[in-house]
Amino acid sequence: MNATPENTNGLLRVSDLRTYLDVPSGVVKAVDGVSLEVNRKEAVALVGESGSGKSMTALTIIRLQPVVARILSGEILLNDVDLLKLDTASMCDLRGTEVAMVFQDPMTYLNPVMRAGAQVAEVVLEHQDVSKGEARSQVLDAFERVGIPSPRRVYDSYPHQLSGGMRQRVLIAMAISCRPSLLIADEPTTALDVTIQAQIMDLLAHLREELQNALFLITHDIGLVAEHCDRIYIMYAGQIVEHADTFTLFAEPKHPYTEGLLRSTLSPDKRVEVFETIEGQVPNPTDMPSGCRFHPRCPHVKDICREESPPSLDLGEGRMVACWLYE
Amino acid sequence: MAGDYPLLRYSVRRILQAVPLIFWVVIINFTIIHLAPGDPAIYLASVTEATPEAYAELRKEFGLDKPLYVQMGIYLWKLLHLDLGYSTWHNSPVLGVILDRLPATMLLMATAFSIASLMGVVLGVIASRYSYSVGDHLATLASLAGYSMPIFWLGQLLILFFALYLDWLPSQGMYSMRGVEPGWPAVLDVLKHLLLPAITYATYHMTLVFRITRGKMQETLAQDFILTAKSKGLNERRVLYRHALRNALLPVVTVIGINFAYVMAGSVFTETVFGWPGMGRLIFESITARDYPMILGIFLVVSMMIVLANLITDILYAMIDPRVAYN
Amino acid sequence: MTTSAEPVDHQSSNRGPQWRAIWGAFSQNRAVPIAGSLLLVLILLVLFAPLLAPYDPYALGSGSRLGGHSFRNIMGADNLGRDVFSRLLWGGRVSIFVGFSAAFATTVLGLLVGTISGYLGGWVDDILMRFTETFMVIPRFFLALIIVAFFGASIWNIIFAISILTWPVTARIVRSEFLTLRTRQFVDAAHVIGTKRSTIIFREILPNAIGVVVVNASLLTAQAMLLEAGLSYLGLGDPSLVTWGRMLYEAQPFLRQAWWMAVYPGLGIFLSVLTLNLLGDGLNDVLNPRSSEIHRTGL
Amino acid sequence: MSDLAKMNHSLLQVQRLTKHFPVEGGWLRPPRHVHAVDDISFSLSAGESFALVGESGCGKTTTARLLAKLEKPDEGSILFDEQEVAELSGPALKQYNRDVQMIFQDPFESLNPRRTVRAILRQPLLNHDAADKGEIDETVVDLLNQVGMEPGEIFMDRYPHQLSGGQRQRIGIARALTLKPRLVIADEPVSSLDISIRAQILNLLKTLQAQHDLSYLFITHDLGVVRSVCDRVGVMYLGEIVELAAVESLFTTPLHPYTQALLSATPVADPVKARERRRIILKGEVPSALDPPAGCRFHTRCPYSEKRCVEEKPSLRELRPGHTVACHFAGDVGVEAAAGSST
């Protein structure tokens, strides 16, 4: 089920993951039975709107979900090791070395009172047996690699002295400094301007070529992944509703939600006079609709959709859709 | 170049700002005190049952017969020559009396203040680590109690229990009435006298610092860069102390600094309860005796201590948080 | 085009993880009802002091001098033979009255000046800022001592001294709230639709600042009670009235003989201040959910 | 004035508008200025949708705030209905305050959390005595229905936190419409909304424009929205307008290198097209508006920058009918080649 024949070896395999959050108003089923795979060197996207549970999926994978979260079931295999069964110390050893993460807003995700270089050097010092001097030169290397024009100046700067694009580069340098095989990027460009977004996406692609890492990109912007990812998972209300390789998904979306999402996305390449929309609202997370969670907004709703949750249907060639229309 | 030393430039600016502030404080104090009905001459006259002629003589001696602005001019002129005036009650130079009493207060307050600050911070960090556990709830409630206790009542309770009921520690004064050999026995004697008043004062301060530290640590631990630190694979200790504490410390330092201003207020009560021969007693005695030069002198010294404490706080703040000095 | 008519009680934007907002908004709080009812009990007790107190608090010989606990004097009697329990109830009346009046006066004054300064800005604001800065450096407690000592220790002077010394802090708090609030988008929106200044202040901004003011008022009451007790403890209280602080002052020489003279009034101050602080804390958690937010921790 | 002139007149004419914000200096430094808006001119006819496009800090929001009278311009003029706005007073000023309304970016921030929908929507009517006391509630319900919140009655007593993001933005739109404006300034009206909600709101804006004969000034960074929603566009960079054109002309033949880069950086929801088009990745970042570069402000990042660009400020030239651009080399062979990436 891979886009390219050479990477037959899976890197990350998540199956039936359930992360529920206990909040005073009830239980939020943030991640509800998610299964997905990322192969080596591959770029995979997880696309969903706010509240779809995409970020919670990522946080659960590196086991940094909030304290109010409970993991009810699931397996997270990274290189065939189940992360959910690791003790805290071994998990800490994996973070930063095997799997690293880049977050959304580069301002709030950097420690404001530590120099940028020191924050990156910390990863190197934590995971490698090197001297401070060596760590420093490794960091400067990483800075150069992520296209920071004057690495020495940035090394000694505090985050508030850097621009948004530069901060995101520092965060990326931090993530790649120990050459992880999986890089998870959670909305890495949402807080940035369009031209800087292009720079950062370009950088992530280059790094992937250089370092041969896999990229797991989490985003709400389906336009962004059209260009940069091999395969796409579409997430709605805590569940994966469709999965396909990028070209197939855009060419013939199966799930009504994917279809609506694609139709609602405005592109600069064509003028649309009347926009087709997905009616209604995203459901209340503590009070999900019965049956298929998309049914109150679905134009093709049938009786069974209201009562029973649709199974994940394998359509062959790596395609998956969770919808009663294809049963 | 000044631009290369933002911290130094910042410190100099803050010191220069403090000078006019002190000047204003002196003028305001002077005005308020002299506007009040009654004066030291009346007090002395009534104590000594003097004749009206002797009273007028006293007024002239103290310079109270001149117009207010002249008195103020004279006072400020003397002040410029570091002359704080002559105490009407103690019949000796103000500065001498203050310097005589200051060490006792400093011994009591400085000891209690520094130990309490340190303990407050450490306990606060521990409590934040175990947020919302039973222990944390109990500690929080206990701190609220300590913080709500009138300092003089706590002193009375401690005297009742440790000095009067258990008879372990002395209840009054700084030295034993019976002479003690000089050297170590004398030091031990002072320490025994110091213990109860120090605990009395420290309780309030420690609980305050604890509450602020715990609250700020909780806030900081919820921030995004903590997630980054964890995703780097740092262990919990590092995350807690290197990343969270340094950020949480800023408001704590401010509170400690502001609280230093109230050290003297606390000393009035502590020294009254325990008969401690320090500045706190002195101010109270001077107010009762309407000893204007003494009161003004103490106000000046205390105001300067407050300014100094604020200054140190600001500079510490700028050292911890680079954003302060650079902006 | 219609939207769903069902109530939607959650935020659906891309502002960040949803659970955060949910947790904040629905955070339950037990401190407020507990502290609130405790405070009510205290107020009722002192309000009905005339009915509850068995003796005239000023009457000598209601018990034997320095007499301990007995059926006649359930909390003992003081050095002049007055009933401690009766004095406690009547003293609380004064202490709590001083606390509330001072907090009220401070809040009104602080709200007024803070509002004007925060909304108008400019030179009005400059003057207030300079004033409060100077004020922060003056040893406030000593100044209170002087005012009460020099101008006379009547209860009104005490209330005056406390309010005059605490209002700048309240004004600063209100001012900084206004400064933040007036740059908010909904205030811009109010300008665009042509809303009058006074309406913007009273309808748009003030309701959003009131939470902070209420919390502050609760803490101020506690502070004022402590200050009054402190002044009285030093013998600078109103000599014609019994207050908890004055009772402690009178107890000081008799600690050895009559511990009950110190323990009960102190307990009164302690419990009321604790209740008020608890209330302030709880209100702060409810009105300012950010600070009660739970943090994320790795497993 | 002849009828013909009336028909062609611009509803809004902005001429040489400038706004600099002072930044406090130290005691050794003079105060400096953020060049938020620098000498920009554009016009907008009745019934038209005009977009100001640019990245953060380019001055588009400041322009909107100047028009909404939330800020005072330093220089330049704003003509509304051929009247100088700065000189308006009394009833004419009040009329301007009704004619020009604004929709804000953030539906969470732009509604007062302590007021109900009813109170929020009544306020503009009360401010301008725009409805009879007895009919205010009816008017409000009618507005709610118009913005797609049906039946309006059930939303009247809700607080903003009881509404979803999309519903809140509808309230924001209803508030802008209460006074029957002629020009609505929409500052990033959909950028904080989910994609599926975004299309709903844009449809609503289009429907309302037709119903109420509105003109829109769209402030946005999203070229995808611009192409489908607007008639004409001005592209802003560092406080200046660098290109001004009709939508089709701009998207098919962008002339300014910055517009070209912006267009090529905007994601296209089509993997085939997205991977075929030529990509321009700009180097560096937007320079500080405190100290904008001399000459052409874009020269620090421009792939075609030459000596002339550093020394001489390019002025706006009309290269095609109704399509003006501020670039020395726009229309030249090399620069042209990069254009037309998304026809």
Side-chain angles (χ1 to χ4, degrees), chain A residues 47-52 147 149 163-166 189 191-199 201-203 219-229 232 245-251 257 260-282 284 297, chain D residues 53-58 163-167 190 192-204 206-207 221-230 247-248 251 258 261-275 277 279-286 288 301 341-343:
Chain A
V47 178
E49 293 180 283
S50 60
S52 61
S163 67
M166 218 42 82
T189 60
L192 303 174
D193 273 325
V194 184
T195 57
I196 308 299
Q197 162 170 297
Q199 290 176 354
M201 290 312 297
D202 201 48
L203 171 66
T219 181
H220 69 279
D221 187 350
I222 201 157
L224 198 64
V225 302
E227 189 163 349
H228 293 96
C229 293
I232 298 176
D245 76 83
T246 305
F247 290 94
T248 317
L249 189 97
F250 278 89
Y257 174 67
L261 201 60
L262 285 174
R263 277 200 317 246
S264 320
T265 303
L266 297 177
S267 256
D269 61 332
K270 56 180 186 290
R271 184 176 173 101
V272 181
E273 287 304 333
V274 176
F275 315 115
E276 296 187 59
T277 61
I278 305 175
E279 292 305 326
Q281 315 279 340
V282 177
N284 184 337
R297 305 176 73 185
Chain D
V53 179
E55 297 178 281
S56 53
C58 72
L163 304 172
S164 71
Q167 289 173 331
V190 294
S192 61
L193 301 174
D194 273 323
I195 293 165
S196 67
I197 308 297
R198 206 175 275 196
Q200 294 176 4
I201 297 295
L202 288 172
N203 270 341
L204 173 65
K206 278 195 154 184
T207 316
H221 68 275
D222 188 345
L223 285 171
V225 170
V226 171
R227 180 147 199 189
S228 293
V229 176
C230 300
V247 159
E248 282 311 304
F251 279 80
Y258 176 65
L262 202 60
L263 208 51
S264 98
T266 306
V268 172
D270 181 337
V272 183
K273 273 190 194 169
R275 289 168 204 222
R277 67 179 173 159
R279 312 213 34 211
I280 307 167
I281 304 286
L282 289 178
K283 55 188 175 190
E285 303 185 27
V286 185
S288 162
R301 305 173 76 196
S341 56
S342 56
T343 40

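By convention in this document, chain letters (A, B, ...) are assigned in the order of the sequence lines, proteins followed by strands, and residues within each chain are numbered from 1.
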Look at the side chain of [X] and the backbone N and O of [Y], then say whether any donor-acceptor pair between them is shorter than 3.5 Å.
{"X": "S264(A)", "Y": "S196(D)", "answer": "no"}
{"X": "E55(D)", "Y": "T195(A)", "answer": "yes"}
{"X": "D194(D)", "Y": "S50(A)", "answer": "yes"}
{"X": "K206(D)", "Y": "E273(A)", "answer": "yes"}

Chain A interface, residue from E248(D), H221(D), R279(D) that has the most non-hydrogen pairs under 4.5 Å: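 Looking at each option in turn, the highest pair count goes to R279(D).
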
Ranked by heavy-atom pairs below 4.5 Å to chain A, first place among V286(D), L262(D), I195(D) goes to I195(D)

Straight-line distance of F247(A) CZ to R275(D) CZ, nearest 0.5 Å: 4.0 Å

Say you draw a straight line from CD1 of I222(A) to CG of D270(D); how long is it, rounded to the nearest 0.5 Å?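 Between I222(A) CD1 and D270(D) CG, I get 11.5 Å after rounding to 0.5 Å.
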
Looking only at heavy atoms and a cut-off of under 4.5 Å, which of [options] has the most pairs with chain D?
{"options": "L249(A), T265(A), V225(A)", "result": "T265(A)"}
{"options": "S163(A), G147(A), P149(A)", "result": "S163(A)"}
{"options": "A251(A), G165(A), G260(A)", "result": "G165(A)"}

Tell me, side chain or backbone of [X] under 4.5 Å from chain D's heavy atoms, or both, or neither?
{"X": "R297(A)", "result": "side chain"}
{"X": "Q197(A)", "result": "side chain"}
{"X": "M166(A)", "result": "both"}
{"X": "E276(A)", "result": "backbone"}

With a 4.5 angstrom heavy-atom cut-off, which part of C58(D) approaches chain A: side chain, backbone, both or neither?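 Contact with chain A: none, neither part.
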
For I197(D) and Q281(A), run side-chain contact (heavy atoms from CB on, under 4.5 Å): C-alpha distance rounded to whole Å, both residues' side-chain angles, the deciding distance at 0.1 Å, then the answer. CA-CA 8 Å; I197(D) 308 297; Q281(A) 315 279 340; 4.0 Å; yes

Where [X] and [Y] come nearest, the two heavy atoms and their spacing:
{"X": "L224(A)", "Y": "P267(D)", "answer": "N-CB, 3.7 Å"}
{"X": "F250(A)", "Y": "P271(D)", "answer": "CG-CD, 3.2 Å"}
{"X": "F251(D)", "Y": "P268(A)", "answer": "CD2-O, 3.3 Å"}

Is there a donor-acceptor contact under 3.5 Å linking the side chains of R227(D) and S267(A)?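 No, S267(A) and R227(D) have no side-chain donor paired with an acceptor closer than 3.5 Å.
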
Considering the options D222(D), V226(D), V190(D), L202(D), which one meets the side chain to side chain contact (heavy atoms under 4.5 Å, CB included) requirement together with L266(A)?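 Among D222(D), V226(D), V190(D), L202(D), the one meeting side chain to side chain contact (heavy atoms under 4.5 Å, CB included) with L266(A) is L202(D).
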
Pair E227(A) + R277(D): basic N to acidic O under 4.0 Å: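 So E227(A) pairs with R277(D) through a salt bridge.
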
Could you work out, with side chain to side chain contact (heavy atoms under 4.5 Å, CB included) as the rule, every residue matching T277(A), not counting sequence neighbours? E279(A), A199(D), Q200(D), N203(D)

